[in-house]
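Quick notes on the structure that follows.
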Amino acid sequence: MIGRLNHVAIAVPDLAAAAAQYENTLGAQVNPPQDEPDHGVTVVFIELPNTKIELLYPLGENSPIQGFLDKNPSGGIHHMCFEVEDILAARDKLKAEGARVLGTGEPKIGAHGKPVLFLHPKDFNGCLIELEQV
Ligand SMILES: CC[C@H](C(=O)O)C(=O)SCCNC(=O)CCNC(=O)[C@H](O)C(C)(C)COP(=O)(O)OP(=O)(O)OC[C@H]1O[C@@H](n2cnc3c(N)ncnc32)[C@H](O)[C@@H]1OP(=O)(O)O
Ligand SMILES: [Co+2]
């Protein structure tokens, strides 16, 4: 069911500093920040040859990553995103097997303009998983 690793997301306390570090210190191709108000984050995507890094910074009062940053003030790996061909079929299979799908259970449009869903970290060995339909 899950396919390619689309991105690994890192929540950061300083988005500009983290982006500059990937661009200047690590020599990566860094895209400009994009606000995602529907998700409560500002993101910066870093293109790698085999996947992407998604830098995350809270946007607005109710960001879902604020709690994570409060607990991890230096930042940390926040989630992994896997690609799926049919996000509704994936969701229904996962729910049937007892996994918790976060939010309303209906996909939202993510940063790449594709439907995304999130699975509770406690059901996947402490790893927050995002699914993106490609
Ligand atoms: C523009 C979209 C973009 C894209 O790629 O397209 C994105 O990726 S948007 C990314 C931001 N959106 C989300 O993360 C949505 C899904 N996340 C959530 O709903 C919450 O973050 C949630 C429910 C995972 C955690 O919320 P919160 O931290 O407020 O709840 P708790 O403090 O009760 O945490 C419960 C429990 O889980 C542990 N936790 C929290 N976040 C993570 C994490 N990222 N990875 C692993 N574990 C996590 C937290 O420590 C608590 O554990 P406990 O042992 O009970 O302390
Ligand atoms: Co993501």
Would you tabulate the side-chain donor-acceptor contacts of residues 27-36 under 3.5 Å, counting partners in other chains and residues two or more places apart, or write 'none'?
| from | atom 1 | to | atom 2 | distance (Å) |
| --- | --- | --- | --- | --- |
| Asn31 | ND2 | Phe45 | O | 3.4 |
| Asn31 | ND2 | Glu47 | OE2 | 2.8 |
| Gln34 | NE2 | Glu36 | OE2 | 2.9 |
| Gln34 | NE2 | Ala111 | O | 3.3 |
| Asp35 | OD1 | Thr42 | OG1 | 2.7 |

Show me the donor-acceptor pairs, under 3.5 Å and distance only, between side chains in residues 116-134 and residues at least two apart or in other chains.
| from | atom 1 | to | atom 2 | distance (Å) |
| --- | --- | --- | --- | --- |
| His120 | ND1 | Lys122 | N | 3.0 |
| Asp123 | OD1 | Arg100 | NE | 3.3 |
| Asp123 | OD1 | Arg100 | NH2 | 2.8 |
| Asp123 | OD2 | Arg100 | N | 2.8 |
| Asp123 | OD2 | Arg100 | NE | 3.0 |
| Glu130 | OE1 | His7 | NE2 | 3.0 |
| Glu130 | OE1 | His79 | NE2 | 2.9 |
| Glu132 | OE1 | His112 | ND1 | 3.0 |
| Glu132 | OE2 | His112 | ND1 | 3.1 |
| Gln133 | OE1 | Ile87 | N | 2.7 |

How close do Ala19 and Val44 get, heavy atom to heavy atom, and via which atoms? CB-CG1, 4.2 Å
Where Pro107 and Pro115 come nearest, the two heavy atoms and their spacing: CB-CB, 3.8 Å
Would you kindly confirm whether Val43 and Leu55 end up in one hydrophobic cluster when ILVMFWY residues are joined by side chain heavy atoms under 4.5 Å apart? no
Step by step, would you call Val8 with Ile77 a side chain to side chain contact (heavy atoms under 4.5 Å, CB included)? CA-CA 7 Å; Val8 176; Ile77 292 177; 4.1 Å; yes
Any link between Leu102 and Leu94 through a network of hydrophobic side chains (Ile, Leu, Val, Met, Phe, Trp, Tyr) touching at under 4.5 Å? no
With sequence neighbours excluded, tell me which residues meet ring-ring contact (aromatic ring centres under 6.0 Å, His included) with Phe68. His78
Common cluster, Leu88/Ile109, ILVMFWY with side-chain heavy-atom separation under 4.5 Å: no
Suppose we screen for salt bridge (Lys or Arg N to Asp or Glu O under 4.0 Å). Which residues come up paired with Lys93, at least two apart in sequence or across chains? Glu97
In Å, rounded to the nearest 0.5 Å, how long is the span from NZ of Lys52 to CD1 of Ile46? 12.0 Å
Can you tell me how far CZ of Phe82 sits from CG of Asn6, rounded to the nearest 0.5 angstrom? 10.5 Å
Asn62 atom CG, neighbour heavy-atom count above 12 within 6.0 Å: no
Please determine whether residues Leu26 and Leu56 belong to a single hydrophobic cluster, defined as Ile, Leu, Val, Met, Phe, Trp and Tyr linked transitively by side-chain heavy-atom distances below 4.5 Å. no
When every non-hydrogen atom of Gly75 is compared with those of Leu69, the smallest separation belongs to CA-CD2, 4.0 Å
Who passes side chain to side chain donor-acceptor pair (under 3.5 Å) against Glu106, sequence neighbours left out? Arg91
Roughly how far, to the nearest 0.5 Å, is the CD1 atom of Ile65 from the CD1 atom of Ile10? 11.5 Å
Which side-chain hydrogen bond (donor to acceptor under 3.5 Å, both in side chains) pairs, counting each pair once, include a residue from residues 8-26, with sequence neighbours left out? none
